[in-house]
Amino acid sequence: MKDYEFRKIEEKWQAKWVANKTYHVEEDETKKKFYVLNMFPYPSGAGLHVGHPLGYIASDIYARFKRLQGYNVLNPMGYDSYGLPAEQYAIQTGQHPEKTTFQNIDRYREQLDKIGFCFDWDREVRTCAPGYYQWTQWAFQKMFNSYFCTVAGKAQPIADLVAHFETKGTEGITASCSEEPCFTAEQWQAMSELEKSQTLMNYRIAFLGETMVNWCPKLGTVLANDEVVEGVSVRGGYPVEQKKMRQWCLRVSAYAQRLLDGLQTIDWSDSIKETQKNWIGRSEGAEVQIKVADSDAEFTIFTTRADTMFGVTFFVLAPESELVAQLTTQEQKEAVEEYLTYVKSRTERERMIDHTVTGVFSGSYGINPITGEKCPIYIAEYVLSGYGTGAIMAVPAHDSRDYAFARHFNLPIIPLVEGADVTEESYDAKEGIVMNSPMEGKSSLNGFSLNGLTIKEAIEATKKFVSENGLGRVKVNYRLRDAIFSRQRYWGEPFPVYYKHGVPCMIPEECLPIELPQVENFLPTESGEPPLGNAQLWAWDEANKKIVDKALVNDETIFPLELNTMPGFAGSSAYFLRYMDPNNSNALVDEKVAEYWQNVDLYVGGSEHATGHLIYARFWNHFLFDLGVSKKAEPFQKLINQGMIQGRSNFVYRIKDTNTFVSFGLKDKYDTTQIHVDVNIVKNDVLDLEAFKAWRPEFNTAEFILEDDKYICGWAVEKMSKSMFNVVNPDMIVERYGADTLRLYEMFLGPLEQSKPWDTNGIDGCHRFLKKLWQLFWDKDGNLQVEDAEPSADNMKTLHKLIKKVSADIEEFSFNTSISAFMVATNELTAQKCHNREVLKQMVTLLAPFAPHMAEELWEAIVGEGSVCDAQWPAFDDKYLVEASVQLGVQFNGKVRFSMQFPSEATPEEMIQMATSAPEAQKYLEGKQIVKAIAIPKRIVNIVIK
RNA sequence: GCCCAGAUGGUGGAAUUGGUAGACACGAGGGACUUAAAAUCCCUUGACCAUUGCGGUCGUACGGGUUCGAGUCCCGUUCCGGGCACCA
């Protein structure tokens with residue numbers, strides 16, 4: 001017997017890997033590349049719990065597997081160390097974020113190192129390091145100096161746009177923009193610098209915009225749409241208000257179509273693609289110009305149901321629309337103002353939850369361009385200013401919201417679909433035959449009629465009619481908003497921007513990075529004054545190209561710097577490119593290096609980033625692709641979303657007003673209070689009574705009512721958190737069972753992509769497996785027992801069954817089933833008393849991705865040289881496995897089965913031939929008729945007889 | 001409300017994608033070794049009936065259907081999870 005001394009083994013190999021630089025990676029043209037990436041962590045103060053490494057272990061197994069298959073594998077790791085979570089932790093603990101961030105990083109590294117990952121730490125990046133965020137700032141400047149050309153479908157230099165303005169004004173401009181201004185070359189040339197700057201902001205991909213933003217007073221900053229859920233901030237759950245503010249924004253909306261199309265080229269789960277599709281929210285429809293009766297005014301509505309133009313009975317404007325003031329008549333002025341006051345008093349959250357019908361008549365009428373009819377224009381909060389044109393045509397018969405509004409204000413409802421009953425509710429479905437378009441006896445523009453068409457035909461016909469008759473145009477709208485890119489916080493990348501007489505100017509590229517200045521008071525403010533306002537050394541000397549004291553600001557050469565910082569997603573949007581070439585100070589990534597690594601082949605991380613990071617990173621990379629910096633438009637080819645590890649909490653039951661605790665099975669006989677108990681003093685739901693007494697002073701004198709001499713705890717699945725006492729620390733598991741057991745057990749727990757509770761009970765099974773495998777190599781005196789004889793057929797069958805299973809399972813990220821296969825194979829080899837060197841060597845190679853420490857140790861024992869990391873992944877040969885069963889399905893009479901062997905190259909026809917002529921089959925087939933015969937190669941022949 | 005994914009023993013989960021349901025592991029029960037404990041090993045473990053005999057019946061949320069054959073495919077229902085949500 002030789003004990004499996006996992007602590008010694010793991011320490012030994014972790015040291016060797018560092019000393020030999022085993023996981024150091026260089027570009028190597030002779031090998032095919034494979035890029036594995038984990039979503040890098042933000043180092044929180046709590047350290048890692050057992051759920052965090054799940055994805056890292058999965059990607060580590062895959063990375064090691066690919067390496068054994070001969071790929072040059074890049075598997076880097078770093079820290080997302082700027083942004084709200086890091087800063088909130090610092091504020092809560094009353095320390096400077098720089099200090100806590102570095103402490104937390106050290107703690108993370110220590111914990112990660114114990115698990116035995118194959119990260120190339122020479123490539124580590126930290127988003128808060130100047131050498132890193134230099135390129136975040138650089139990319140921002142590139143976005144500032146670019147616009148999105150809708151014809152080319154890509155970013156182009158803003159200088160091209162300026163040149164166009166110089167000669168032709170806005171005529172023939174095809175650029176994504178916030179508003180569509182109209183000016184001539186002369187008008188452009190007459191503009192002041194400030195006016196030109198403001199005009200160009202309409203087009204720049206990174207731009208200053210005066211928009212409605214999500215303002216969170218408690219966090220003292222604005223937030224992006226994905227950082228707000230149900231009217232509260234994702235971080236901390238604080239209320240969020242809508243506020244108009246001047247902020248840096250990224251024109252993500254310009255890339256909406258490309259982000260949508262790109263989804264078809266990548267290998268992501270359907271659910272996450274679906275989430276992104278919903279978030280981008282493409283809808284195809286028509287914009288129609290509506291003239292206002294007795295006025296010169298006009299407005300534009302957006303509709304996806306152009307076919308319902310004949311059913312319009314009123315129009316609705318969003319309360320925030322600029323047209324509201326213009327279209328309100330004298331008589332209605334008071335009512336409208338009262339309504340606007342009411343709308344303003346409502347928070348975002350209230351508007352979301354409460355959908356009662358409200359609105360007010362503006363006094364004006366709009367003219368339906370097809371029927372010529374006058375319809376009242378209302379103002380109502382159910383129409384949103386941010387989507388489409390902020391104005392709609394209301395068709396109560398076929399839209400449930402319009403219907404509710406019409407019922408409330410007693411407006412007419414005209415059904416347009418044959419057989420649709422609209423007396424109780426609207427008919428919203430897009431199926432049916434159109435009628436009343438126009439109504440009998442009524443006329444329409446150019447005799448236009450939709451009657452008799454299906455709704456789908458009618459939509460197309462109306463869109464065509466509207467654009468051909470100059471009433472409007474076909475338009476695609478997206479729900480995807482431009483990203484708010486400013487934060488009124490300290491712990492983030494500073495903007496490389498200064499303001500010269502109010503005009504934002506970029507700091508010259510060669511002066512980057514602009515480093516985050518030290519400040520005494522970095523706390524956010526409820527009024528939104530950015531903490532960088534407290535920095536003394538924070539002004540730009542344009543002549544000498546350096547940062548100077550802000551007291552020196554003057555009108556000629558020294559200007560104030562931007563006080564906002566960038567949001568958390570800035571640094572995490574292009575980090576995968578930086579890993580390729582992390583120390584390059586001349587470029588984000590060297591041309592040749594980028595050419596070699598291309599993009600990420602496998603990206604592993606949580607699905608909670610679906611509408612945040614995974615949209616921003618795609619957008620950012622599409623932009624860098626336009627610049628030629630990134631070599632693939634899509635950054636992450638395959639995405640795996642590991643499930644969340646939940647906590648499994650345990651409870652004890654205290655009888656009210658006593659210090660007596662009753663076991664789970666008996667608790668219903670008493671009036672009890674349920675109390676969380678630390679899962680680390682419970683084993684298989686049985687409470688360790690002594691440990692419980694020692695746990696907290698008040699339980700010192702506790703008494704117990706037991707069942708079967710045991711105290712059984714209740715349990716529930718909850719979020720893993722300190723307050724539930726269900727946090728399990730990986731360090732503790734590694735100490736008790738070793739890293740290899742932890743790695744195995746995390747994978748054995750269940751399918752990778754599924755959320756599941758952590759339950760330390762059960763880990764023994766994985767530990768036992770490693771011990772059993774270990775014992776295969778040593779005799780009872782502890783000497784190596786390996787021989788070089790010819791392996792038996794059984795040995796080879798077991799081995800190749802395993803090779804086949806494990807190879808297939810790893811490709812499908814089905815690690816739990818491959819571990820089961822290992823357990824079966826180990827039991828079989830033990831029963832076969834297999835000590836064959838070649839068989840064991842291949843077994844060790846298969847094990848290497850899962851339990852690398854043990855694999856190295858055993859490799860050293862039986863091979864004697866090199867590292868198992870440089871071994872070759874065993875090839876599967878099915879000649880050892882050929883066997884199939886024949887089933888004879890006897891109609892109405894049950895089934896008969898027997899086994900027989902087929903050559904592996906047998907075709908289905910040959911298999912049927914062989915099966916039917918086999919003597920075993922003959923006795924069933926005699927006098928019967930074959931109804932159907934099916935053969936699945938190498939598996940089964942199924943013959944149905946009658 | 002719309003869209004997506006799912007429901008299998010006491011528990012986590014397998015099932016060659018339409019072919020012996022419950023692999024593997026945990027837990028539980030019984031036994032061996034041991035002064036004892038730990039560790040290890042062996043047997044039983046979906047339910048019910050039979051168990052001095054090979055065995056039988058029912059079973060993959062529920063109700064139907066297709067098929068020689070359904071956990072798997074189709075229709076309907078219930079429940080849980082995720083996304084979007086006055087998006088016109």
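Taking a 6.0 Å sphere around CG of D354(A), one finds it holds more than 12 heavy atoms contributed by other residues, nucleotides or ligands.
Straight-line distance between the P atoms of A21(B) and G71(B): roughly 8 Å, to the nearest whole Å. G30(B) and C79(B): their C1' atoms are spaced 39 Å apart (whole Å). As rounded to the nearest Å, G76(B) and U66(B) have C1' atoms that lie 15 Å from one another. Taking atom C1' in both U45(B) and C24(B), the straight-line distance is 15 Å, to the nearest Å. Taking the C1' atoms as reference points, G13(B) lies 13 Å from U60(B), given to the whole Å. Across U20(B) and G69(B), the matching P atoms stand 15 Å from one another, rounded to whole Å. The gap from the P atom of G10(B) to that of C49(B) amounts to 16 Å, rounded to the nearest Å. Rounded to a whole angstrom, the distance from the C1' atom of U52(B) to that of A39(B) is 38 Å.
Rounded to a whole Å, the CD1 atom of I379(A) is 22 Å from the P atom of A88(B). Rounded to an integer number of Å, the gap from W774(A) CH2 to A39(B) C1' is 17 Å. Rounded to a whole Å, the CG atom of D226(A) is 13 Å from the P atom of G83(B). Atom CD1 in I290(A) sits roughly 13 Å away from atom C1' in A88(B) (whole-Å rounding). Note: CG (N477(A)) to P (C84(B)) measures 19 Å, nearest angstrom. Rounded to an integer number of Å, the gap from I377(A) CD1 to A88(B) P is 22 Å. Atom CZ of F815(A) is separated from atom P of A14(B) by 14 Å (rounded to the nearest Å). In this structure, CG of L752(A) is placed 15 Å from C1' of G12(B), rounded to the nearest angstrom.
Of all the residues in residues 307-321 of chain A, not one reaches under 4.0 Å from RNA chain B with any non-hydrogen atom. Within a heavy-atom distance below 4.0 Å of RNA chain B, the residues of residues 384-392 of chain A found are L384(A), Y387(A), I392(A).
In terms of heavy-atom proximity, E287(A) sits nearest to T389(A) at OE2-CG2, 3.7 Å. Nearest approach of T611(A) to D226(A), heavy atoms of both residues: O-CB, 3.5 Å. A610(A) and T275(A) get closest at one heavy-atom pair: CB-CG2, 3.9 Å. Closest heavy-atom contact between V466(A) and R473(A): CG1-N, 4.1 Å. Heavy atoms only, all atoms of each residue included: N816(A) and P751(A) are closest at ND2-N, 3.7 Å.
Here the side chain of F302(A) is nearest to one of C84(B), G13(B), A88(B), namely A88(B). Listed candidates were A85(B), A88(B), G13(B). Nearest to the side chain of K756(A) is G13(B).
In this structure, the side chain of H398(A) engages the main chain of Y427(A) through a donor-acceptor pair within 3.5 Å. At distances below 3.5 Å, at least one donor-acceptor pair connects side-chain atoms of K273(A) with backbone N or O atoms of L263(A).
The ring of F405(A) has its center closer than 6.0 angstrom to the ring center of F314(A).
A cation-pi geometry, defined here as NZ or CZ lying under 6.0 Å from the six-membered ring centre and within 45° of its normal, does not hold between R618(A) and W279(A).
Note on N641(A): nothing from the nucleic acid sits closer than 4.0 angstrom, heavy atoms only. Nucleic acid contact for P751(A): sugar-phosphate only, since backbone atoms but no base atoms lie under 4.0 Å from a heavy atom of the residue.
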Stepwise side-chain hydrogen bond (donor to acceptor under 3.5 Å, both in side chains) test for Q832(A) and T798(A): CA-CA 10 Å; Q832(A) 293 161 17; T798(A) 298; 2.9 Å; yes

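Between D685(A) and R648(A), at least one side-chain nitrogen of the basic residue sits less than 4.0 Å from a carboxylate oxygen of the acidic one, meeting the salt-bridge criterion. Of the charged side-chain nitrogens involved, none lies within less than 4.0 Å of a carboxylate oxygen, so that E5(A) and R7(A) do not count as a salt-bridged pair.
Base-pair partner of U72(B): not found among the strands shown (Watson-Crick or G-U wobble, both distances under 3.5 Å). U17(B) is unpaired under the criterion used here, namely a Watson-Crick or G-U wobble arrangement in which both key atom distances are under 3.5 Å. With a cut-off of 3.5 Å on both pairing distances, the Watson-Crick or G-U wobble partner of U57(B) is A47(B). In a base pair of the Watson-Crick type (N1 to N3 plus N6-O4 or O6-N4) or a G-U wobble (N1-O2 and O6-N3), with each distance short of 3.5 Å, U40(B) is matched with A32(B). With a 3.5 Å ceiling on both atom-pair distances, A23(B) lacks any Watson-Crick or G-U wobble partner. Using the Watson-Crick or G-U wobble rule with both distances under 3.5 Å, G1(B) pairs with C84(B).
An anti orientation is assigned to G59(B), its glycosidic angle lying beyond 90° of 0. Under the 90° criterion around 0 for the glycosidic angle, U17(B) counts as syn.
Taking the side-chain hydrogen bond (donor to acceptor under 3.5 Å, both in side chains) definition, one finds that N684(A) meets it with N761(A), sequence neighbours left out. Residues that satisfy the side-chain hydrogen bond (donor to acceptor under 3.5 Å, both in side chains) test with D740(A), not counting sequence neighbours, are H853(A).
Note that the CG atom of D764(A) and the NZ atom of K771(A) stand 8.0 Å from one another [nearest 0.5 Å].
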Contact list (N/O, under 3.5 angstrom) for nucleotides 23-32 of chain B vs protein:
from	atom 1	to	atom 2	distance (Å)
C26(B)	OP1	R768(A)	NH1	2.3

Polar atom pairs between nucleotides 2-6 of chain B and protein, under 3.5 Å, N or O only, would you list them?
from	atom 1	to	atom 2	distance (Å)
C3(B)	O2'	E274(A)	OE2	2.8

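At least one side-chain nitrogen or oxygen of K771(A) sits closer than 4.0 Å to the OP1 or OP2 atom of U40(B). Residue S283(A) places at least one side-chain N or O closer than 4.0 Å to OP1 or OP2 of A88(B). A sub-4.0 Å separation between OP1 or OP2 of G12(B) and a side-chain N or O of Q754(A) is absent.
Residues E812(A) and D402(A) both approach RNA chain B. Their nearest nucleotides, taken by heavy-atom distance, put E812(A) toward the 5′ side.
Judged purely by distance below 3.5 Å, without hydrogens or angles, the side chains of Q646(A) and S755(A) never pair a donor atom with an acceptor atom.
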